[in-house]
Amino acid sequence: MYIEILIVAFIIFFAFEYSGVVSTARFVNDYQDVLMRFKEDDYDFLVKARYGGEVDINALYNKRIQNAMLVMGFSLFILIADLSYLTIILAILIAIAVFKLPYLDLKSYRRKHMHEIDTQLPYYLKSLEILIQHYTVPVAIGKSVETAPSIFKEGLQKLIDSINGGDSSIEPYMQFAREYPVRDSMRMMRLLYRLGLGKQERKQEQLITFSKTISSLQQKARETKYKNRLEKMESKTMTMLVCTGIGVMILMVIAILMTFSV
């Protein structure tokens with residue numbers, strides 16, 4: 001009897017959800033400000049790093065909330081025959097796990113592609129040098145937005161809007177660095193800000209210093225890439241040697257046992 005009631009409850013719930021009588025999406029939209037407090041600090045950056053700057057981050061986050069709520073409701077339905085504080089806590093923990101899984105997947109993607117993600121900013125700044133030779137730093141950044149990597153476009157536009165709005169401090173540059181926390185982002189944006197402050201007659205000298213520093217960061221990124229690749233190859237070699245050694249030992253044991261059995 002319990003199974004029949006459970007099935008009927010599922011059907012009614014999903015019928016209401018499909019028809020819009022009950023809507024988790026509407027609930028998420030109504031309480032958007034509250035639910036946003038649970039968003040991880042680096043979630044926006046991780047989404048952009050994986051899917052590019054054009055993706056709707058809020059839509060993806062809302063989907064996480066909806067899935068977690070549906071799973072919690074499903075868990076409570078399953079455990080309704082033995083409902084207690086313990087089962088309610090269990091349903092909440094399952095919902096939290098479902099909510100966190102996409103974020104953990106993004107973190108895993110960043111670890112696997114850390115080199116590619118971290119090198120995008122120095123390569124972008126290297127390409128910015130040509131424009132800076134002919135324009136001021138803010139104008140050069142504005143002209144580079146269209147050709148910049150998609151991950152940076154929104155942040156660069158915010159940076160330009162802040163400068164055009166009258167903020168001549170370092171804060172817009174630091175805000176960009178915080179929004180895109182790749183390796184050495186703070187240092188690179190400080191360099192870019194100082195280059196923009198320099199006098200016009202010393203611009204070429206400062207640009208050479210800027211270029212050398214960015215080239216050094218690119219070289220550092222390449223060295224890190226080769227180091228990681230070497231460590232991965234060493235790890236695979238060690239694993240192969242261990243497996244080979246274990247295989248040889250197993251064959252020797254089998255041969256000894258067969259010898260004694262004869």
Side-chain angles (χ1 to χ4, degrees), residues 36 39-55 57 103 106-133 135-199 202-228:
M36 279 294 177
K39 187 167 72 169
E40 299 82 1
D41 292 338
D42 58 348
Y43 180 71
D44 289 5
F45 168 72
L46 293 174
V47 171
K48 291 175 183 176
R50 181 162 188 175
Y51 301 110
E54 291 79 13
V55 68
I57 297 174
Y103 173 72
L106 291 172
K107 295 280 282 188
S108 175
Y109 177 87
R110 164 121 197 237
R111 284 193 296 271
K112 291 177 182 177
H113 299 82
M114 185 175 293
H115 172 73
E116 291 85 350
I117 295 170
D118 286 347
T119 54
Q120 288 188 67
L121 186 57
Y123 277 103
Y124 161 72
L125 293 177
K126 192 70 175 175
S127 66
L128 192 64
E129 285 180 37
I130 300 172
L131 288 172
I132 295 176
Q133 290 176 3
Y135 304 99
T136 62
V137 169
V139 172
I141 294 173
K143 289 183 176 293
S144 72
V145 171
E146 290 186 5
T147 57
S150 60
I151 184 176
F152 299 134
K153 286 185 177 179
E154 184 181 352
L156 290 171
Q157 191 58 56
K158 289 180 182 177
L159 172 61
I160 294 302
D161 291 342
S162 297
I163 294 173
N164 292 338
D167 191 347
S168 59
S169 69
I170 196 174
E171 181 54 30
Y173 295 87
M174 291 297 96
Q175 180 59 39
F176 178 90
R178 287 191 292 268
E179 191 171 346
Y180 301 95
V182 296
R183 185 187 294 117
D184 294 317
S185 60
M186 290 285 184
R187 180 184 175 188
M188 285 184 279
M189 296 314 292
R190 286 194 189 98
L191 286 170
L192 192 60
Y193 171 72
R194 288 168 187 163
L195 183 61
L197 287 179
K199 296 180 179 179
R202 294 189 57 209
K203 183 175 182 180
Q204 194 59 36
E205 179 185 341
Q206 292 173 329
L207 191 58
I208 291 172
T209 304
F210 176 79
S211 178
K212 288 181 178 179
T213 305
I214 296 301
S215 296
S216 174
L217 291 172
Q218 285 182 308
Q219 181 62 31
K220 179 181 175 182
R222 283 192 290 268
E223 289 174 356
T224 302
K225 175 185 177 181
Y226 296 140
K227 180 182 177 183
N228 292 340

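- Once rounded to the nearest 0.5 Å, the distance linking CD1 of Ile160 with NZ of Lys158 reads 14.0 Å.
- To the nearest 0.5 Å, atoms CD (Glu40) and CZ (Phe45) are separated by 14.5 Å.
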TODO: Determine, stepwise, if the pair Arg190 / Tyr173 fulfils side chain to side chain contact (heavy atoms under 4.5 Å, CB included).
DONE: CA-CA 7 Å; Arg190 286 194 189 98; Tyr173 295 87; over 6 Å; no
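- Rounded to the nearest 0.5 Å, atoms CG (Leu192) and CG (Leu159) are 7.5 Å apart.
- Put simply, the side chain of Ser144 reaches to within 4.5 Å of the side chain of Tyr124, judged on heavy atoms.
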Residues 174-181 side chain polar contacts: donor-acceptor under 3.5 Å, at least two apart:
residue	atom	partner	partner atom	Å
Gln175	OE1	Arg178	NH2	3.1
Arg178	NH2	Glu171	OE2	2.3
Glu179	OE2	Lys48	NZ	3.1
Tyr180	OH	Lys48	NZ	3.4
Tyr180	OH	Ile151	O	3.1
Tyr180	OH	Gly155	N	3.0

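- Inter-residue side-chain proximity for Ile132 and Ile141 is flagged as unmet; no heavy-atom pair is nearer than 4.5 Å.
- Looking only at side-chain heavy atoms (C-beta outward), Asp42 and Lys107 come within less than 4.5 Å of each other.
- Tyr193 and Ser169 are not linked by any side-chain donor-acceptor pair at a separation below 3.5 angstrom, with hydrogens and angles left out of the test.
- Between Leu125 and Leu191 the shortest side-chain heavy-atom distance does not fall below 4.5 Å.
- To the nearest 0.5 angstrom, Thr147 atom OG1 is 9.0 Å from Leu128 atom CG.
- Residues Leu131 and Ala140 share a closest heavy-atom pair of CD1-O, 3.6 Å.
- For Lys126, the side-chain contact (heavy atoms from CB on, under 4.5 Å) partners at least two apart in sequence or on another chain are Glu129, Ser211, Ile214, Ser215, Gln218.
- Looking at residues two or more places apart in sequence or on another chain, you find a side-chain contact (heavy atoms from CB on, under 4.5 Å) between Asp44 and Lys39, Ile57.
- In this structure, Ile170 and Met189 have side chains that are not in contact, with every pair of non-hydrogen atoms separated by 4.5 Å or more.
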